[in-house]
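Beneath this line is the structure, given in structure tokens, with notes to follow.
Small disclaimer: the values here were computed from a predicted structure and weren't measured. A note on names: the letters A, B, ... follow the listed sequences, proteins ahead of strands, and every chain is numbered from 1.
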Amino acid sequence: MSKGIISKDEDYSQWFNDLVIKADLAEHSAVRGCMVIKPYGYSIWEKMQAALDQMFKDTGHSNAYFPLFIPKSFFSKEASHVDGFAKECAVVTHYRLKNDGNGNIIVDEDAKLEEELIVRPTSETIIWNTYRGWIQSYRDLPLLINQWANVVRWEMRTRLFLRTTEFLWQEGHTAHATAEEAIAETEQMLNVYADFAENWLALPVIKGRKTANERFAGALDTYCIEALMQDGKALQAGTSHFLGQNFAKAFDVKFANKEGKLDFVWATSWGVSTRLMGALVMAHSDDAGLVLPPKLAPTQVVIVPIFRSDEELAQISEYVTALTKELKAKNIRVKYDNRDTQRPGFKFAEYELKGIPLRVAIGGRDLANGTVELARRDTKTKETVQQAGLADVIDNLLVEIQANIYQKALNFRNENTREANSYEEFKKMLDDTPGFISAHWDGTPETEERIKQETKATIRCIPLDNKLEAGTCILSGKPSIQRVLFARAY
RNA sequence: CGGGAUGUAGCGUAGCCCGGUAUCGCGCCACAUUUGGGAUGUGGAGGCCGCAGGUUCGAAUCCUGCCAUCCCGACCA
């Protein structure tokens, strides 16, 4: 176990907190519920952004930016939307401070805003108000826009990365001429998220739809990807919404179709957030620290020299310079840690904590033998390998590590996905063997709500690849046409 | 917002019941010896004891108020 990190078996949530802090990803700020994302954490987020951004552009989307503030009146235009967000909005009421004469800075009551501004919890309203001016004809469609932004949701309880008051995300907002096209877009972006989760985060996800209860405020249908964390709790990793014509109607966004008739536009929105950082940590890491998938690791290979004298270091450095050049030619992100202020053992522990996928150690012994010591973070194994052809070995290993981390997470999820056929069995599983539970449900919000009240488990999704299967609801005993996926969730 | 707890050096803590300006460890700085898994020794620096009042000759300690954080609920990307 690493210094200052509690074992994840002993206290999972404390382990997560320790890890985020010790690995230097983020820290609590002076502002309630808001975190400072530190350089190392932010560099991982930037890797995620870069990959996602490219995927959005490859599917025809463009980035734009809309205001942080939204006039309060916009919110009341879509009834279920305001219901969903009203309780967690930060509101700007004044635009000036003043000195009260006693050395205190106070809000200047004379500077009250005519209409209060809401700090965006999500941007549907301001964006659809803007789209009204951008769309007149079917020729203006589809409109495919994404924005990278921060949003604020005044949550009661916050946790680093998983639920902070302010968080970073991207939100896509698209407009289409037909429902079919909007639904296809919703599904396409869900697939982009699943692709990203599996191929970059090395995180297997279940694609599915939310029940009416769990649907986004203002959506007709909410699709999601659900992942399983190492403590057996589910985490919603991304959502994609089919908004129908709700926002078009609320903001009067009409277009002339090919027949010259006016119709309301069909909408989607979709987003992933810095919560993915939490998913990344919780899915793969261990008691020694982070385990980063090579594709997202800011540094993929760290080289640690072991030396007794300046002369020895100079000899090692000469070899490392050549190796580094080779690795960089293969687009491998490599760091040479030749600090003489820390000893090798300290560096080993530090890079394990930070999740660097591969470590190369090289000392006098290796120089004599033409070898290096190569250590994998994911398996914690190390071996002595020949210097000749090392760059290729490393290149291949990074691919293997990415695949291994994914496979490990997939095995874990498979081992912790179970079928329950009675309510007793269901409750026992939740307590004894947490994970996904596939069970029959009668399709009513009442049953869903009662299960949630009694067990804290929610329906994570109705998987898209579900097979229809007649059965009886575990709670009500009423007929059911399919199993749905339950879990306790973050 | 309800229930519980905690605020003492960068971090973790002792002292509080029973008032007398603060203990220990990690980390930090200097030097020496070290360097293949978180080094050792010697010396050193670092504190408005969460904030504001009150009691007292004297408050980290007692009293009141406030603020913040954490844990458990309801809410949630």
Side-chain angles (χ1 to χ4, degrees), chain A residues 1-6 11 13-14 17-18 21-22 27-35 83-89 104 120-122 149-171 193 210 213-217 222 224-227 234-241 269-279 288-289 304-310 312-313 316 338-353 359-369 371-375 380 382 384 452-453 456 458 489-490:
Chain A
M1 181 168 52
S2 184
K3 252 189 199 170
I5 299 181
I6 197 164
D11 185 342
S13 59
Q14 187 62 46
N17 261 326
D18 285 352
I21 303 286
K22 302 284 177 187
E27 66 186 30
H28 291 286
S29 73
V31 184
R32 193 202 85 112
C34 295
M35 64 178 170
D83 283 350
F85 287 104
K87 286 171 290 181
E88 50 188 42
C89 284
N104 299 315
R120 62 181 166 215
T122 180
N150 58 337
V151 287
V152 167
R153 297 182 187 175
W154 214 266
E155 302 287 355
M156 284 298 145
R157 288 185 62 200
T158 60
R159 290 199 63 192
L160 291 168
F161 286 116
L162 299 176
R163 190 177 303 108
T164 45
T165 300
E166 178 190 16
F167 56 96
L168 305 184
W169 78 344
Q170 59 69 216
E171 46 182 327
Y193 288 154
K210 287 292 186 190
N213 271 354
E214 302 276 330
R215 213 172 268 156
F216 175 75
T222 287
C224 62
I225 51 173
E226 291 285 329
L235 184 78
Q236 178 174 306
T239 48
S240 184
H241 314 288
S269 70
W270 27 274
V272 296
S273 71
T274 35
R275 173 178 259 198
L276 289 178
M277 293 287 294
V304 178
I306 295 155
F307 55 96
R308 288 182 170 75
S309 65
D310 287 348
E312 203 169 32
L313 177 61
I316 292 168
N338 60 356
R339 287 178 297 172
D340 62 359
T341 50
Q342 304 295 351
R343 303 165 83 250
F346 180 91
K347 294 179 184 176
F348 293 172
E350 178 175 317
Y351 292 116
E352 268 164 23
L353 179 59
R359 181 185 76 226
V360 173
I362 174 163
R365 205 163 67 204
D366 295 300
L367 281 182
N369 298 337
T371 58
V372 301
E373 182 191 79
L374 195 54
K380 297 273 286 285
K382 47 188 180 182
T384 301
K452 183 178 174 182
Q453 291 300 324
K456 290 180 198 157
T458 49
Y490 279 98

Given that A:Lys347 and A:Glu166 both sit by RNA chain B, which one's nearest nucleotide is further toward the 5' end?
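Its nearest nucleotide being more 5', the pick is A:Lys347.
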Closer to the 5' end of RNA chain B via nearest nucleotide, is it A:Ala361 or A:Ala237?
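On the 5' side of the pair lies A:Ala361.
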[options]: which one has an atom nearest the side-chain heavy atoms of [X]?
{"X": "A:Lys452", "options": "B:rG38, B:rC75, B:rG73", "value": "B:rC75"}
{"X": "A:Phe167", "options": "B:rA77, B:rG73, B:rG37", "value": "B:rA77"}
{"X": "A:Thr164", "options": "B:rA39, B:rC75, B:rA77", "value": "B:rA77"}
{"X": "A:Ala349", "options": "B:rG38, B:rG36, B:rA77", "value": "B:rG38"}
{"X": "A:Ile306", "options": "B:rC75, B:rG36, B:rA77", "value": "B:rG36"}

Looking for any heavy atom pair under 4.0 Å, which part of the strands does [X] touch: base, sugar-phosphate only, or nothing?
{"X": "A:Glu155", "answer": "base"}
{"X": "A:Thr239", "answer": "nothing"}
{"X": "A:Arg359", "answer": "base"}
{"X": "A:Glu373", "answer": "base"}

Fill in the dot-bracket string of RNA chain B, one character per base: . for unpaired, | for a pair to another strand, ( ) or [ ] for pairs within the strand, taking Watson-Crick or G-U pairs under 3.5 Å.
(((((((..(((.......[...))).((((((.....)))))).....(((((..]....))))))))))))....
For [X], what residues pass the salt bridge (Lys or Arg N to Asp or Glu O under 4.0 Å) criterion, not counting sequence neighbours?
{"X": "A:Glu155", "value": "none"}
{"X": "A:Glu166", "value": "none"}
{"X": "A:Glu373", "value": "A:Arg359"}

Quick check: any donor-acceptor pair below 3.5 Å linking the side-chain of A:Glu350 to the base of B:rG38?
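Per atom types, no contact qualifies.
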Taking only residues two or more places apart in sequence or in another chain, which ones pass side-chain hydrogen bond (donor to acceptor under 3.5 Å, both in side chains) with A:Arg365?
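For A:Arg365, no residue satisfies side-chain hydrogen bond (donor to acceptor under 3.5 Å, both in side chains) once neighbours in sequence are set aside.
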Would you mind calling B:rU8 syn or anti? Take O4'-C1'-N9-C4 for purines or O4'-C1'-N1-C2 for pyrimidines, and syn is within 90° of 0.
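Anti for B:rU8; the angle lies over 90° from 0.
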Between [N] and [M], how many Å separate the two [atom1] atoms, rounded to a whole number?
{"N": "B:rG15", "M": "B:rG47", "atom1": "C1'", "value": "15 Å"}
{"N": "B:rA14", "M": "B:rG37", "atom1": "P", "value": "35 Å"}
{"N": "B:rC62", "M": "B:rU6", "atom1": "P", "value": "12 Å"}

Go through the side-chain N and O atoms of A:His241 and A:Ser269 and say whether any donor and acceptor fall under 3.5 Å apart.
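Note: A:His241 and A:Ser269 side chains miss the donor-acceptor criterion.
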Below 4.0 angstrom from OP1 or OP2 of B:rG36, is there any side-chain N or O of A:Arg365?
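Negative; the distance criterion is not met.
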At less than 4.0 Å, is any side-chain N or O atom of A:Lys382 found next to OP1 or OP2 of B:rG36? Yes or no.
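Checking B:rG36 against A:Lys382, no side-chain N or O comes under 4.0 Å of OP1 or OP2.
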What is the ring orientation for A:Tyr193 with A:Trp270, classed by angle as parallel under 30°, tilted 30 to 60°, or perpendicular over 60°?
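Taking A:Trp270 first and then A:Tyr193, their aromatic rings stand perpendicular (interplane angle over 60°).
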Stacking check A:Phe346 vs B:rG37 (5.5 Å / 30 deg):
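Stacking between A:Phe346 and B:rG37: absent.
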Does any N or O in the side chain of A:Arg120 come within less than 3.5 Å of the main-chain N or O of A:Val151, such that one atom is a donor and the other an acceptor?
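Answer holds: no.
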Protein-nucleotides 68-70 of chain B N/O pairs closer than 3.5 Å?
{"from": "B:rU69", "atom 1": "OP1", "to": "A:Arg32", "atom 2": "N", "distance (Å)": "3.4"}

